[in-house]
Amino acid sequence: MSVLVRVSPEPTRRDRGVVAAAVAATLLVIAGPMLAAAWNDGGPGVPIEEPPLPESAQRVLAELPDSYQAGGMVVVPAASDPYFIWPGGVGHDRVDGEVVGLGVRGLTEYGVLPSAGATPGWLLNLGPADNVYSDVGPLSFACVRWPGAERCTGALLAEHDGDHHILRAGIGSPTSLELVTRTMGFGSGGRRDVWVGWMPPGAASVWVTVVGHQTIRDVPGRTSGPAAVSGRAVWWVTSPDAVSAVSFRDVQGHVVERITVGD
């Protein structure tokens, strides 16, 4: 998760712990309209030559149903993975406002999400160097109220068999802007970084400053309706390049808030 540092409004990873059904996850978000299409869902970036797969990843391909190779990784669909257990579902009574579909799929490092008791040891011992990931299906964002909590907090959800499951929780509240989730993603053109956060008051659009191989430019992000999530809007963007700043603009195009992105 990135730490975002406010500046002037002028332009200028393997834990398995699952707490209360919230699972720390690495997520994919592919999104972007029109001008942002080059960065959202596999646009131009520096081509990456795929390295040979580790033996462990080759074994996954041979033994796990529906697994496939893509972008130097082995991807295992969670929906057909016999060693995967979905975290608890989230009822509608725990959601404040809408569940905003992101129109994308999620990706997590294999083993981060809960595994069945019969999972073989070799599979449990996979690590980052093995390049094996779970495809958790369609993603969405909602403000989820935990039992006994006075207010809801942002959460990324995966949809499976008609239910929503929490993949990552604690993504700020409608009254905060400090927490912005940054995760690893994967698109048709390779790996991506993903940012999801809340829109500040008075903002109508969001732009991110991306630092490419040879260029620096501003790219538009996507947003929900103005009061879709517990009375607030959320924004999200995917980029193959590094993001150095996020700017929020009003309807006239003036910057009302600008934050720099730190590691």
Side-chain angles (χ1 to χ4, degrees), residues 1-13 24-48 71-73 100 102-109 128 133 139 141 154-156 167-168 170-172 176-200 203-224 229 232-250 253-263:
M1 180 178 294
S2 289
V3 176
L4 299 185
V5 182
R6 294 179 181 277
V7 298
S8 168
E10 294 301 320
T12 49
R13 153 146 75 152
T26 306
L27 300 171
L28 161 69
V29 177
I30 303 298
M34 302 178 62
L35 295 177
W39 285 263
N40 297 283
D41 198 14
V46 179
I48 300 174
M73 303 184 292
V100 177
L102 302 179
V104 299
R105 303 184 70 81
L107 206 68
T108 74
E109 183 181 313
Y133 298 84
L139 295 178
F141 184 95
L156 281 163
L167 295 175
R168 187 166 191 154
I171 309 174
S176 70
L177 297 174
E178 290 77 9
L179 295 179
V180 174
T181 292
R182 177 194 181 200
T183 61
M184 186 203 73
F186 177 70
S188 58
R191 299 189 183 193
R192 298 285 184 270
D193 277 335
V194 180
W195 289 262
V196 184
W198 298 88
M199 294 286 284
S205 63
V206 60
W207 293 72
V208 297
T209 303
V210 295
V211 183
H213 182 55
Q214 296 179 323
T215 62
I216 299 176
R217 67 187 70 191
D218 287 342
V219 178
R222 296 193 65 180
T223 67
S224 68
V229 184
R232 290 286 294 278
V234 295
W235 65 273
W236 65 98
V237 70
T238 294
S239 170
D241 301 316
V243 168
S244 62
V246 183
S247 298
F248 303 96
R249 304 180 185 178
D250 61 21
H254 302 133
V255 175
V256 297
E257 186 86 23
R258 179 178 169 87
I259 51 182
T260 57
V261 179
D263 293 326

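One is the number of the first residue; the rest follow in order along the sequence. This is a predicted model, so every value here is computed, not measured.
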Any side-chain heavy-atom pair of T209 and R258 under 4.5 Å:
yes
To the nearest 0.5 Å, what is the distance between CG (D250) and OG (S205)?
8.0 Å
Residue set satisfying salt bridge (Lys or Arg N to Asp or Glu O under 4.0 Å) with D218, at least two apart, ordered chain then number -> R249
Any side-chain heavy-atom pair of I216 and V211 under 4.5 Å
yes
Side chains of F141 and V229 in contact at under 4.5 Å (non-hydrogen atoms)
yes
CH2-CG distance between W236 and L156, expressed to the nearest 0.5 angstrom
11.0 Å
Output yes when a side-chain donor or acceptor of W235 lies under 3.5 Å from a complementary backbone atom of W207, and no otherwise.
no
Looking at S224 and V234, would you say the former's side chain and the latter's main chain have a donor-acceptor pair under 3.5 Å?
yes
Kindly indicate whether the side chain of W195, heavy atoms from C-beta on, has any atom under 4.5 Å from the side chain of V243.
yes
Taking only residues two or more places apart in sequence or in another chain, which ones pass side-chain contact (heavy atoms from CB on, under 4.5 Å) with A203?
M199, P200, F248, V256
